[in-house]
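Note that this is a predicted model, so its numbers are computed, not measured.
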Amino acid sequence: MENKKEVSETIQEEEIRNRFYMEVESKSQNEEFARVVVAVFMSRMDPTLEEVDDVKTAVSEAVTNAVIHGYGNGEGTIYIESEIEGKELTVSIKDVGKGILDVEKAMEPMFTTDTTGERSGMGFSFMEAFMDQVQVQSKPGKGTVVTMKKQIGR
């Protein structure tokens, strides 16, 4: 028979393993919705306000990139998936838009494909600054997936 401590630890592990998936239209107003949904989802991890703000900023940047660069402010769907496993939060933002020709170049600070001069080219830099790990997979004409990870409650 398991002791109470072992049962309690098993229940806690099961409670903090969870994921969600959603789709939103590629519209700039959905950026705020996405960041709030991820923040509420991660709230069960008992994050600090700073951790919540970090994740919200990174999600905002990734969704904004999908809207502006992935779909060129046109129609499309943004796929958002988040997972909690232990103390690690993973968030993936996917579009099936234009894709990125040179991911390494795109991740350089100040690089942007925006020709209007309205964008600073700091999206990936912010994601990297606020998250522990950022991985970008992209194929021209097929889209982009940005996967970000952060340890919560160190």
Side-chain angles (χ1 to χ4, degrees), residues 2 4-71 76-100 102-113 119-139 142-154:
E2 295 180 273
K4 287 181 182 180
K5 183 179 179 188
E6 288 172 345
V7 171
S8 175
E9 288 173 359
T10 301
I11 290 170
Q12 287 176 348
E13 285 179 23
E14 289 173 5
E15 287 177 4
I16 56 175
R17 179 174 277 175
N18 199 358
R19 73 184 268 280
F20 85 87
Y21 173 83
M22 71 177 189
E23 299 176 11
V24 295
E25 291 185 27
S26 178
K27 297 180 186 276
S28 60
Q29 61 263 38
N30 284 334
E31 170 269 323
E32 181 180 1
F33 177 71
R35 64 188 258 145
V36 169
V37 170
V38 173
V40 170
F41 178 72
M42 73 180 285
S43 68
R44 67 195 70 202
M45 299 175 78
D46 196 26
T48 64
L49 288 176
E50 182 179 355
E51 289 168 333
V52 171
D53 286 343
D54 289 353
V55 171
K56 285 170 65 175
T57 299
V59 168
S60 291
E61 294 296 335
V63 171
T64 297
N65 277 358
V67 171
I68 292 170
H69 301 291
Y71 294 114
T77 302
I78 299 171
Y79 306 90
I80 302 164
E81 185 174 347
S82 188
E83 180 177 75
I84 296 169
E85 188 164 350
K87 292 187 174 208
E88 184 174 70
L89 175 73
T90 302
V91 181
S92 294
I93 310 292
K94 175 185 173 184
D95 68 69
V96 289
K98 297 176 184 177
I100 302 170
D102 184 344
V103 171
E104 192 173 309
K105 181 79 173 164
M107 292 183 75
E108 291 178 5
M110 307 303 287
F111 177 83
T112 184
T113 59
R119 302 288 162 200
S120 67
M122 294 298 291
F124 284 126
S125 296
F126 287 143
M127 288 179 234
E128 290 179 318
F130 292 117
M131 301 297 279
D132 297 329
Q133 181 182 351
V134 177
Q135 180 183 17
V136 180
Q137 296 174 304
S138 189
K139 290 185 181 178
K142 301 284 184 185
T144 303
V145 179
V146 177
T147 302
M148 303 174 287
K149 295 181 182 249
K150 186 170 188 73
Q151 292 292 316
I152 305 298
R154 294 180 190 170

How close do Glu85 and Arg17 get, heavy atom to heavy atom, and via which atoms?
OE2-NH2, 2.8 Å

When rounded to the nearest 0.5 Å, the distance separating OH of Tyr79 from CD1 of Ile93 is 13.0 Å

Between Glu51 and Met42, which heavy-atom pair has the shortest distance, and what is it?
O-CE, 4.0 Å

Nearest heavy-atom contact between Arg35 and Ser60 is NH1-OG, 2.7 Å

If you look at every heavy atom in Met131 and Ala58, which pair is closest and at what distance?
CG-CB, 3.5 Å

Residues forming a side chain to side chain contact (heavy atoms under 4.5 Å, CB included) with Val36, sequence neighbours excluded:
Glu32, Val40

Less than 4.5 Å apart, any side-chain heavy atom of Ile78 and any of Val67?
yes

Indicate the atoms forming the closest heavy-atom contact of Ser26 with Ala66, along with that distance.
OG-O, 4.3 Å

Other residues, nucleotides and ligands only: do more than 12 of their heavy atoms fall within 6.0 Å of CD on Glu50?
no

One should read off an interatomic distance between Gln137 CD and Thr147 OG1, to the nearest 0.5 angstrom, of 6.0 Å

Contacts of Phe41 that satisfy ring pair (Phe, Tyr, Trp, His ring centres under 6.0 Å) - sequence neighbours left out:
Phe20

Should Phe124 and Asn65 count as side-chain neighbours, where that means a heavy-atom distance under 4.5 Å?
yes

Are the side chains of Leu89 and Val55 in touch, meaning some heavy atoms are under 4.5 Å apart?
yes

Provide the full list of ring pair (Phe, Tyr, Trp, His ring centres under 6.0 Å) pairs with a residue in residues 46-66, sequence neighbours left out, each pair given once.
none

Find out whether Glu81 and Arg19 are in side-chain contact, i.e. whether some heavy atom of one side chain is under 4.5 Å from a heavy atom of the other.
yes

Enter the distance from Gln133:CD to Gln151:CD here, rounded to the nearest 0.5 Å.
10.0 Å

Do any N or O atoms from the side chain of Lys150 and from the backbone of Phe130 form a donor-acceptor pair under 3.5 angstrom?
yes

Do Val37 and Ile80 pass the side chain to side chain contact (heavy atoms under 4.5 Å, CB included) test, and can you show the C-alpha distance, the side-chain angles, and the key distance before you say yes or no?
CA-CA 10 Å; Val37 170; Ile80 302 164; over 6 Å; no

Would a distance-only check, ignoring hydrogens and angles, find a side-chain to backbone donor-acceptor pair under 3.5 Å from Thr77 to Glu25?
no

Taken to the nearest 0.5 Å, the spacing of Asp95 CG from Thr144 OG1 works out to 5.0 Å

Rounded to the nearest 0.5 Å, how far does CD of Glu31 lie from CD of Glu61?
8.0 Å

Distance-only, no hydrogens or angles: does the Ser82 side chain make a donor-acceptor pair with backbone N or O of Thr90 under 3.5 Å?
yes

